[in-house]
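Chain naming here is simple, since letters A, B, ... match the order of the sequence lines and numbering starts at 1 in each. These numbers come from the heavy atoms of this one structure, side chains and all, not from hydrogens, waters or symmetry mates. Just so you know, these numbers come straight off a predicted model, no measurement behind them.
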Amino acid sequence: MSIMKRISLIFRSKANKALDRAEDPRETLDYSYQKQIELLTKVRRGVADVATSRKRVELQTTQLQRQSDKLTQQAQQALSMGREDLAREALTRKSGLTAQLQGLQEQQAQLQGEEEKLTLASQRLQAKVEAFRTRKETIKATYTAAEAQTRINEAFSGISEEMGDVGMAVQRAEDKTAQMQARAGAIDELIASGALDDATQLGGGDDIARELQAMSSQNDVEAELAALKAGNSGQQGALESGDATPTSEETTRQTHEEGSA
Amino acid sequence: MIVRILEEGQWEVADDRLADLNRLDDEVEAAVEAGDEEVFARSMAALLDAVRSAGTPLPVDALKDSDLILPPADATLEEVRDLLTDEGLIPG
């Protein structure tokens, strides 16, 4: 049987099971309405939870970005003092942070998506719960035992299915968010422990992936180093062509002497 | 005919489109059985697109059962398999 058909049968059998529980048909209506309100509360709480996770990841992104900017500045500074080795070290650390930052940005986008999806789910459910409440009140007002069961069964059309859908959406969002929270927790710990200062230790994956990453990091580092050098020599040239540069020349000479000593 | 895409909503789809949908559905089903992630992702996206483009969205406050229900757009092959075996995915 087709996938579409099988899933709809499974939903229907769940809905029927839920219907069988109550004895007085009118109680079924109230019982279901109560369940709907509970689910509505749950999905709204889900939205809030996902938003909290997203904000946490945003905060981490800001922290790592700041650290990364700092390392760029340090590299610039190191190079201007003629300490290419230090500049290289700073850029290597920065390249480790860049990988972390990319991961965080992906998570942020994912959480944003979950948040929007759950918000829409809660709006859809709310509209349907409202419609159900109206229908429920009409049925109760004009209730006759003879027609009760049919009308009440009809009253559940759509709403049980929507509840199954939304219930599942909340469950999936919770699972995904929990995974991301675990990762976010790990990053918080790393930030707190200062381990990210030495981000070179962080790469995961297999040996080849690590090696490839090391190579690409190396290329990034060389490329950025070359760019910084080009920028610095440009500046240097501009300064030297001016007339007020003896201090700058002296500093350069000093650092060179220190470096070779 | 009413078709629901989980986590997205419901569409009213003309009955004469059913043959098209069934053909795409068969592809998804075969991919799920074969465990072929790549074909699964492609055929599932095609099936959902077919519903969205062939159908008219139902009003958000409509209370109607669907004739057919499709997995969420971002469902993995594994999740669809669980959905079909009635394990865990639909709470309650």
d(Ser2(A) OG, Leu24(B) CG) to nearest 0.5 Å is 11.5 Å
Check: Lys117(A) and Pro72(B) side chains under 4.5 Å, non-hydrogen atoms
no
In this structure, CG of Asp65(B) is separated from OG of Ser160(A) (nearest 0.5 Å) by 7.0 Å
Practice item. Answer yes or no: does atom NZ of Lys176(A) have more than 12 heavy-atom neighbours from other residues, nucleotides or ligands under 6.0 Å? Key: yes
Tested for side chain to side chain contact (heavy atoms under 4.5 Å, CB included) against Met4(A), the lone hit among Val28(B), Asp67(B), Leu68(B) is Leu68(B)
Residues 50-61 of chain B vs chain A, non-hydrogen distance cutoff under 4.5 Å, contacting residues -> Pro59(B), Val60(B), Asp61(B)
Among residues 122-138 of chain A, those lying within the under-4.5 Å heavy-atom range of chain B are Arg124(A), Ala127(A), Lys128(A), Ala131(A), Phe132(A), Arg135(A)
If one checks every heavy atom of Ile159(A) against chain B at 4.5 Å, the contacting part turns out to be both
Residues 31-49 of chain B vs chain A, non-hydrogen distance cutoff under 4.5 Å, contacting residues -> Val32(B), Leu47(B)
Under a 4.5 Å heavy-atom criterion, the part of residues 3-23 of chain B in contact with chain A comprises Arg4(B), Ile5(B), Leu6(B), Glu7(B), Glu8(B), Gly9(B), Gln10(B), Leu21(B), Asn22(B)
Here the pair of heavy atoms bringing Ser66(B) nearest to Ser8(A) is O-CB, 4.5 Å
Rounding to 0.5 Å, atoms CG (Leu83(B)) and CD1 (Ile3(A)) come to a distance of 9.0 Å
| Got a donor-acceptor contact below 3.5 angstrom from the Lys5(A) side chain to the Ile69(B) backbone? | no
